Amino acid sequence: MRATQFLCIAAMILIFLPSHGWGGNPGEVPTGFMGDIYIGGGWEFSNNNLEPGDDNKNLSSLNKRGKDQDEPLFIAALDLAYAFDNGLTLFGGMLRAKESRPTFGVRYDLDKFGEIELSGFYDLPRDVWKDPYLVGQDRDKTFESSYGGAMAYEISGCSLSYELKFLDVDKDLIGKRFSSLKRDGAVHLIETGYEIEIGYGLELSPGLELTIADIDGSSNAYTGFGGGLEIMKRWSDVGFSLSFSVVNNNYNAEHPVFHKKRNERWCMRPWRLYPGTTLWEWRTIQSTSAAGLSTTTPTSNTSTLPNMYRSYS
């Protein structure tokens with residue numbers, strides 16, 4: 001069983017342009033330009049032998065923990081939008097989701113019938129190994145790119161969304177060595193959630209998700225199901241949220257390297273702190289701060305040693 005633990009502590013500065021600053025009045029539907037800018041940085045530490053890094057280019061064994069390696073991180077996100085009087089909003093930028101990615105879309109307020117949103121995105125290319133399971137010689141890096149679209153609907157605190165993402169690995173040598181380990185394909189994600197107002201500034205948000213990874217390599221194709229709960233508490237000058245979720249992925253075919261079907265479980269435990277005190281303010285621009293911690297622990301039945309990576313920001 002492989003165990004991976006991810007630890008992320010994020011501290012960043014938020015610059016907020018209030019929605020009523022360039023149009024509309026308080027209490028009315030916001031119109032005009034609005035946006036957020038998030039800036040931060042940090043450091044990542046890893047000893048996962050499947051993660052790309054110069055210190056782990058050459059593996060003597062797949063069951064041997066990788067060498068410790070670290071690298072600096074830069075965290076930045078930009079959310080911009082323009083809202084029209086008729087309930088239509090155009091938005092775009094480096095939106096913050098599970099990870100920051102360039103996103104552009106349209107949102108329409110249906111009044112008492114809820115809100116609908118359509119968007120397209122392009123994930124920033126990330127480094128991967130051409131052949132992550134190569135042993136006894138240096139491994140080379142390539143990159144994985146992904147893009148897709150999403151739609152979402154929300155009404156009375158209940159939300160439902162669908163995302164389609166296409167994956168493409170530039171030089172997929174492991175896919176040439178084993179056709180069942182090809183990494184190109186499409187991933188379908190369906191999520192639903194509900195916000196429950198308890199009172200006294202307390203809010204609960206349970207959610208469910210279904211993932212269908214239609215990957216060209218049958219050993220990398222899987223179906224995943226998960227659920228989670230977020231607890232948010234707001235005081236007069238600060239907000240705090242704590243969430244926990246579990247996702248279980250069942251792969252379709254036997255892994256040709258480990259000679260067994262993979263089954264992975266991901267546990268995520270993030271918390272975030274939002275100080276409400278304004279750091280500075282000028283006209284329609286004001287700044288505040290936020291910090292957070294996230295740990296992720298995946299377990300798999302295809303490895304006996306834990307691979308760990310942590311990041312601090």
Side-chain angles (χ1 to χ4, degrees), residues 1-6 48 50-51 62 97-99 101 117-123 126 128-129 131-133 144-154 158-169 172 174-194 205-230 243-270 294-304 306-307 309:
M1 181 179 69
R2 186 189 73 207
T4 305
Q5 184 181 42
F6 176 76
N48 187 338
L50 297 181
E51 291 291 322
L62 290 173
K98 292 182 178 179
E99 55 182 325
R101 60 191 185 189
E117 179 179 299
L118 299 174
S119 63
F121 61 85
Y122 178 79
D123 286 326
R126 70 182 188 95
V128 296
W129 293 120
D131 186 341
Y133 303 109
E144 178 189 78
S145 58
S146 59
Y147 61 92
M151 61 178 65
Y153 177 71
E154 182 176 352
C158 184
S159 61
L160 177 66
S161 66
Y162 168 74
E163 176 184 294
L164 174 60
K165 178 164 66 174
F166 297 96
L167 306 176
D168 179 72
V169 176
D172 190 13
I174 187 61
K176 294 181 178 180
R177 186 155 67 101
F178 297 103
S179 61
S180 64
L181 287 179
K182 289 181 178 179
R183 289 174 282 183
D184 295 350
V187 179
H188 307 264
L189 174 63
I190 300 174
E191 294 179 298
T192 182
Y194 187 68
S205 300
L208 297 172
E209 68 175 66
L210 171 67
T211 303
I212 301 175
D214 186 16
I215 309 301
D216 293 347
S218 58
S219 296
N220 281 329
Y222 65 88
T223 300
F225 182 77
L229 174 67
E230 180 177 12
S243 61
F244 175 83
S245 60
V246 178
V247 178
N248 191 77
N249 297 331
N250 292 303
Y251 286 77
N252 296 354
E254 180 181 284
H255 196 291
V257 175
F258 299 103
H259 304 292
K260 61 173 66 175
K261 261 190 182 183
R262 280 183 290 173
N263 181 274
E264 293 180 343
R265 179 170 297 171
W266 296 75
C267 300
M268 291 158 277
R269 308 173 184 86
S294 176
T295 66
T296 305
T297 307
T299 60
S300 174
N301 61 347
T302 56
S303 182
T304 57
N307 291 316
Y309 60 99

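Predicted model only: the values in this text are computed from it and were never measured. The analysis underlying the following values was restricted to heavy atoms, covering all of them including side chains, and did not include hydrogens, waters or symmetry mates.
Results of the side chain to side chain contact (heavy atoms under 4.5 Å, CB included) test with E144 over D184, D172, V128, D123 single out V128 as the only residue that passes.
Separation of atoms OH (Y122) and OG (S145) is listed at 4.5 Å; rounding is to 0.5 Å. With values rounded to the nearest 0.5 angstrom, T223 atom OG1 is found 7.5 Å from N250 atom CG. Note that the CG atom of L229 and the OG atom of S205 stand 7.5 Å from one another [nearest 0.5 Å]. Atom CD of E191 and atom CD of E163 lie 7.5 Å apart (nearest 0.5 Å). One distance of note links OG of S161 with OH of Y153; it measures 14.0 Å at 0.5 Å rounding. Taking CG from L160 and CD1 from I190, the interatomic distance works out to 7.5 Å, rounded to the nearest 0.5 Å.
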Derivation of the side-chain contact (heavy atoms from CB on, under 4.5 Å) call for N248 and F225: CA-CA 6 Å; N248 191 77; F225 182 77; 5.9 Å; no
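L181 has its side chain within reach of V257: a pair of non-hydrogen atoms, C-beta onward, lies under 4.5 Å apart. Considering only heavy atoms from C-beta on, K165 stays 4.5 Å or farther from L189 through its side chain. Counting only heavy atoms from C-beta outward, the side chains of R262 and N220 approach each other to under 4.5 Å.
Under a 3.5 Å cut-off, the side chain of T192 and the backbone N or O of S159 do form a donor-acceptor pair.
Relative orientation of the Y251 and Y222 rings is tilted, given thresholds of 30° and 60° on the angle between their planes.
The minimum heavy-atom distance linking Y162 with H188 is given by the pair OH-ND1, 2.8 Å. Scanning both residues, F178 and P256, for their nearest heavy atoms gives CD2-CB, 3.6 Å.
Residues satisfying the side chain to side chain donor-acceptor pair (under 3.5 Å) test with N252, not counting sequence neighbours, are none.
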Donor-acceptor contacts under 3.5 Å from residues 210-219 side chains, at least two apart:
unit_1 : atom_1 : unit_2 : atom_2 : d
S219   : OG     : S180   : OG     : 3.4
S219   : OG     : E254   : O      : 2.5

